Amino acid sequence: SETDTPPALTDGFQLVIDALKLNGIENFYTVPGIPISDLLRMAQAEGLRVISFRHEQNAGNAAAIAGFLTKKPGVCLTVSAPGFLNGLTALANATTNCFPMILISGSSEREIVDLQQGDYEEMDQLAIAKPLCKAAFRILHAQDIGIGVARAIRAAVSGRPGGVYLDLPAKLFSQVLDEVEGKKSLVKVIDPAPAQLPDPSAITRALDVLKSAKRPLIVLGKGAAYAQADEEVRALVEKSGIPFLQMSMAKGLLPDTHPQSAGAARSMVLKDADVVMLVGARLNWLLSHGKGKTWGAPGSKKFIQIDIEPKEMDSNVEIVAPVVGDIGSCMSALLAGIDGNWPAPPADWVSAVSARREANIGKMAPKLMSNASPMNFHGALGALRRVVKERPDAILVNEGANTLDLARGIIDMYEPRKRLDVGTWGVMGIGMGYAVAAAVETGKPVLAIEGDSAFGFSGMEVETICRYKLPICVVVFNNSGIYRGTDVNPTGGSDPSPMVFMPDTRYDKMMEAFGGVGVHVTAPDELYRAVSEAMDSGKPTLINAVIDPAAGTESGNIGSLNPTSSVRKA
Ligand SMILES: Cc1ncc(Cc2csc(CCOP(=O)(O)OP(=O)(O)O)c2C)c(N)n1
Ligand SMILES: [Mg+2]
């Protein structure tokens, strides 16, 4: 009889999976091990896609960029202590870049950690994670899993997005709960990233400043790309007629070839503009903190700033018109204020920007036709520029120094959220993690343009790429070194300079080792053909593109950040 049937039970394993699935999480990025291996098996059995990597840093980077691409938190799961630590760089990078991700790590029991009794992989992970992320939570009881996961999701995506750490001690998973109680404990988060409307007076103030401009400029940051308010952003730029600059991961919000694009006239517009409207762009090191010679005469600028984070205002220089709110709501409010009689920006300014842009594009053009072999950066990037123009829906991942800085300016983007790179931190090692998640989350072909040093940080994931048969074409710019391959050991000793790698290496053989397609190219037209073929086939491909070792410059465009000795020559 029914009195004999024991009540149906659930447990921590099941509740973690139910809570994440209930909130639309579909993919796990992970490296298995104690205490999460069974959780991963169960998740896969329940239809979640579980992508297993060779190092947690790459799994974490994948989760971070999944968050940027989908506006849902990317989820990375790791084992305790060393696995957790390996995920921290990605968690901190996500927080720095305002990408929503949740790092879920198994951990040791509190009673052992707090008495420091030497558990397997013992570490006070919650305390260590807290300073590196937006929020951090620990769940000790199965009935709290629903609310804990809800808190983590809301913290990751609300306001300024960022990384969240969720600490799950091993014993939580096996805790048993009445199934009905368990279901009731789950929380489907309602409106986790609510619109944040700007104050109408802030909008009026911003429009007044913009209207007064003689030489206005709009700067679009990756916050504007993340917002997925693409129509509103485009409408504001085109309705105002103001020239615009796109930061690296904002490229493609409007096509880089747009008539109002000032990308190829960056130095001029930063120096000469008199009113600058920042849209989801922070005045950090990437914009020289809004001061110094980059920005012309001191005090010659008025800044309007649109950002969801109130504390961002006045972070570096005075903001005369702060507009606090989500990008979509702010764009709509500004558009409503730009009525029929909005004054077009002064024609002399608009034509000066266009003239400088065309002149710079004209100067660059012949360099991109270079057919030199071994290739230089411009010749190789000229070929890849052509591929991206023909395949605007492909996703471009990019890291390195010369390989990054030159690609950013040379390869035009045509659609939003198609360029994924080292972002605010300039961190190396994001390449393969970002490429995997871009392919998994979008199903689009991915072209990863990698410096040979940058590739080395995550190169083992070519096996992961082959295992999941992902449509990723990796182009390694092989100049045999960090920045270039010509440095020598000043002592003449047998050790090579710390800045160089072995000459004539064949990264393409790595991909072949795992069943992917490896191609070795030494000329731009070969590179163009090999990438086009890879994008058509959708097969995991690695192209070893030989670049002249002498072609690079130290630290690409940011060599000036290097400290120099006044007492000795390095
Ligand atoms: C985690 C981390 N460790 C080191 C560094 C410092 C660095 C910045 S750029 C770079 C690689 C440059 O060489 P690559 O071969 O990739 O590119 P190229 O100029 O075309 O030769 C390093 C090591 C950073 N930014 N992040
Ligand atoms: Mg290199």
Side-chain angles (χ1 to χ4, degrees), residues 55-58 60-61 64-65 85-97 132 248 284-286 372 374-384 396-411 420-435 448-461 474-488 496-508 510 521-522 524 527 542-563 570:
H55 190 291
E56 291 88 351
Q57 171 171 292
N58 306 320
N61 285 327
I65 211 67
L85 288 174
N86 285 346
L88 275 188
T89 306
L91 182 71
N93 185 52
T95 306
T96 303
N97 281 281
L132 299 172
S248 203
N284 56 22
W285 74 281
L286 289 163
M375 293 182 276
N376 54 46
F377 287 99
H378 289 85
L381 289 170
L384 298 177
L396 177 64
V397 172
N398 184 213
E399 58 178 345
N402 296 284
T403 302
L404 171 87
D405 292 340
L406 292 168
R408 182 191 297 119
I410 288 170
I411 299 185
L420 310 174
D421 65 29
V422 300
T424 306
W425 241 5
V427 61
M428 292 304 116
I430 51 93
M432 296 306 102
Y434 281 18
I449 303 177
E450 298 278 305
D452 48 345
S453 164
F455 173 71
F457 287 78
S458 66
M460 187 62 219
E461 303 299 345
V474 181
V475 178
V476 175
F477 273 38
N478 188 349
N479 62 348
S480 307
I482 298 180
Y483 314 131
R484 54 177 169 243
T486 50
D487 275 27
V488 292
S497 150
M499 309 302 286
V500 302
F501 302 136
M502 288 175 66
D504 309 322
T505 43
R506 294 291 302 268
Y507 293 95
D508 49 313
M510 279 176 72
V521 300
T522 59
L527 175 58
L542 191 148
I543 298 168
N544 186 59
V546 180
I547 301 286
D548 177 354
T553 58
E554 177 91 3
S555 294
N557 290 355
I558 57 173
S560 59
L561 295 183
N562 267 316

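Every value quoted in this text rests on a predicted model; they were computed, and no experiment measured them. Atoms within each ligand, like the ligands themselves, are counted from 1 in listed order. Values below: all heavy atoms of this structure, side chains included; hydrogens, waters and symmetry mates excluded.
- Distances from ligand 1 to the non-hydrogen atoms of Gly556 include no value under 4.0 Å.
- Of all protein heavy atoms, the one lying nearest to atom 15 (O) of ligand 1 is Asp452 OD1, 2.6 Å.
- On a distance-only criterion, Gly426 and ligand 1 share at least one N/O pair closer than 3.5 Å.
- Ranking protein heavy atoms by distance to atom 20 (O) of ligand 1, first place goes to Thr403 OG1, 2.6 Å.
- If you check which protein heavy atom lies closest to atom 4 (C) of ligand 1, you get Phe457 CZ, 4.0 Å.
- Taken from CG in Leu132 to OG1 in Thr89, the straight-line distance is 9.0 Å, to the nearest 0.5 Å.
- With Asn86 contributing its side chain and Gln57 its backbone, the two residues share no donor-acceptor pair below 3.5 Å.
- Distances below 4.0 Å separate heavy atoms of Phe377 from the following atoms of ligand 1: 20 (O).
- Scanning all protein heavy atoms for the shortest distance to atom 6 (C) of ligand 1 gives Tyr483 OH, 4.5 Å.
- Counting heavy atoms under 4.0 Å from ligand 1, residue Phe477 does not touch it at all.
- In the vicinity of Ala401, heavy-atom distances shorter than 4.0 Å reach the ligand 1 atoms 9 (S), 12 (C), 17 (O), 18 (P), 19 (O).
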(Q) For Phe457 and Asn61: C-alpha separation, side-chain torsions, deciding distance, then whether side-chain contact (heavy atoms from CB on, under 4.5 Å) applies. (A) CA-CA 12 Å; Phe457 287 78; Asn61 285 327; over 6 Å; no
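- Residue contact check for ligand 1: Phe455 places no non-hydrogen atom closer than 4.0 Å to it.
- Using modelled atom types, one side-chain atom of Asn478 and one backbone atom of Thr505 make a donor-acceptor pair closer than 3.5 Å.
- Ligand 1 is never approached by Gly485 to a heavy-atom distance shorter than 4.0 Å.
- Checking side-chain atoms of Glu56 against main-chain N and O of Leu88 turns up no donor-acceptor pair under 3.5 Å.
- Paired with Phe477 under the rule side-chain contact (heavy atoms from CB on, under 4.5 Å), one option of Thr403, Ile543, Asn544 passes, and it is Thr403.
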Q: Just do the side-chain contact (heavy atoms from CB on, under 4.5 Å) check on Glu554 and Arg484 with the steps written out, would you?
A: CA-CA 7 Å; Glu554 177 91 3; Arg484 54 177 169 243; 3.7 Å; yes
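- One N or O on the side chain of Asn398 and one on the backbone of Ile449 form a donor-acceptor pair closer than 3.5 Å.
- The protein heavy atom nearest to atom 22 (C) of ligand 1 is Met428 CG, 3.7 Å.
- When each atom of ligand 1 is checked for a heavy atom of Gly481 under 4.0 Å away, the hits are 15 (O), 21 (O).
- Between the side chains of Thr424 and Asn284, not a single donor N or O lies within less than 3.5 Å of an accepting N or O.
- Scanning the protein for heavy atoms near atom 23 (C) of ligand 1, the closest one is Ser453 OG, 3.8 Å.
- Here's the thing with Asn402: one of its N/O atoms is less than 3.5 angstrom from an N/O atom of ligand 1.
- Glu399 contributes a side-chain N or O that, together with a main-chain N or O of Ile430, makes up a donor-acceptor pair within less than 3.5 Å.
- Interface atoms of ligand 1 facing Ala454, defined by a heavy-atom separation under 4.0 Å, are 16 (O).
- Formation of a donor-acceptor pair under 3.5 Å by the Ser458 side chain with backbone atoms of Met432 is found in this model.
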Q.
Working note: Leu542 + Phe455, criterion side-chain contact (heavy atoms from CB on, under 4.5 Å); need CA distance, chi angles, decisive distance, verdict.
A. CA-CA 11 Å; Leu542 191 148; Phe455 173 71; 3.6 Å; yes
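- No hydrogens or angles considered: nothing links the side chains of Ser480 and Asp452 as a donor-acceptor pair under 3.5 Å.
- The Mg ion (ligand 2) has Asp452 OD1, Asn479 OD1, Gly481 O as its protein N, O or S neighbours under 2.8 Å.
- With values rounded to the nearest 0.5 angstrom, Leu406 atom CG is found 6.5 Å from Asn557 atom CG.
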